[in-house]
Amino acid sequence: QVQLVESGGGLVQAGGSLRLSCAASGRTFSSYTMGWFRQAPGKEREFVAGITWSGNTNYADSVKGRFTISRDNAKNTVSLQMNSLTPEDTAVYYCARSNYPSRLSGQYDSWGQGTQVTVSS
């Protein structure tokens, strides 16, 4: 069973930046699609960004042009660079693993514990 551990969350002012990281255990990290999801209070968990084993990326419209997902297969890490943050980006952010490129949370079989991102106005 893979273990995913997120880090890098925190409090930032609107317009600022944060970089989230997710460290994965296991020797087959490079074979999987990795994704970032977020869940704000009172809202459903939503897809933010995904990256396939080959580096193809996919973004939610709400973050396209502001967020960048990347992975380092040698270090078993996936990152999310978040720029031009707004209060609407406030949420708990989760790293997840899937066998397939997907925006659907149900397609992801392993999840981290989440990291809080708070953007103040």
Side-chain angles (χ1 to χ4, degrees):
Q1 183 72 13
V2 69
Q3 185 176 17
L4 303 174
V5 179
E6 302 97 336
S7 61
L11 174 64
V12 63
Q13 288 188 332
S17 299
L18 280 175
R19 185 176 180 87
L20 305 182
S21 293
C22 173
S25 62
R27 292 178 291 178
T28 60
F29 172 82
S30 61
S31 302
Y32 293 94
T33 286
M34 299 300 295
W36 286 96
F37 289 76
R38 67 187 181 186
Q39 187 165 18
K43 295 187 177 181
E44 293 187 354
R45 189 171 298 187
E46 64 174 358
F47 173 81
V48 175
I51 185 166
T52 67
W53 65 271
S54 60
N56 292 323
T57 58
N58 193 10
Y59 296 94
D61 288 344
S62 59
V63 306
K64 199 172 294 183
R66 300 187 299 122
F67 290 11
T68 302
I69 188 171
S70 61
R71 67 190 298 162
D72 186 336
N73 290 334
K75 296 182 178 180
N76 281 13
T77 59
V78 59
S79 299
L80 186 69
Q81 177 66 42
M82 305 186 295
N83 298 328
S84 302
L85 286 162
T86 74
E88 289 69 36
D89 295 315
T90 295
V92 178
Y93 284 70
Y94 297 90
C95 169
R97 185 193 77 170
S98 175
N99 287 305
Y100 312 102
S102 176
R103 293 175 171 239
L104 302 177
S105 60
Q107 293 289 327
Y108 289 75
D109 60 1
S110 296
W111 293 81
Q113 82 288 351
T115 185
Q116 176 70 46
V117 171
T118 303
V119 184
S120 63
S121 58

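Heavy atoms only: backbone and side chains are in, while hydrogens, waters and symmetry mates are out.
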Report the distance from atom [atom1] of [X] to atom [atom2] of [Y], rounding to the nearest 0.5 Å.
| X | Y | atom1 | atom2 | value |
| --- | --- | --- | --- | --- |
| R45 | R38 | CZ | CZ | 13.0 Å |
| L85 | S17 | CG | OG | 6.0 Å |
| T115 | L80 | OG1 | CG | 11.0 Å |
| T90 | L11 | OG1 | CG | 8.5 Å |

For S110, all residues meeting side-chain contact (heavy atoms from CB on, under 4.5 Å), sequence neighbours excluded | Q1, V2, L4, R97

For Q107, which residues count as a side-chain contact (heavy atoms from CB on, under 4.5 Å) partner, sequence neighbours excluded?
-> S98, Y100, S102, L104

Looking at F37, Y32, W36, which hits ring-ring contact (aromatic ring centres under 6.0 Å, His included) with Y108?
-> F37

R71 charged N/C atom sitting above F29 aromatic ring, 6.0 Å / 45° | yes

If only atom types and distance count, is the side chain of [X] paired as donor or acceptor with the main-chain N or O of [Y] below 3.5 Å?
| X | Y | result |
| --- | --- | --- |
| T52 | P101 | no |
| E6 | C95 | yes |
| R103 | Y59 | yes |
| S21 | S79 | no |

In terms of heavy-atom contacts, does CH2 of W53 have more than 12 from other residues, nucleotides or ligands at under 6.0 Å?
-> no

Polar side chain donor-acceptor pair, Q116 to T118, under 3.5 angstrom = yes

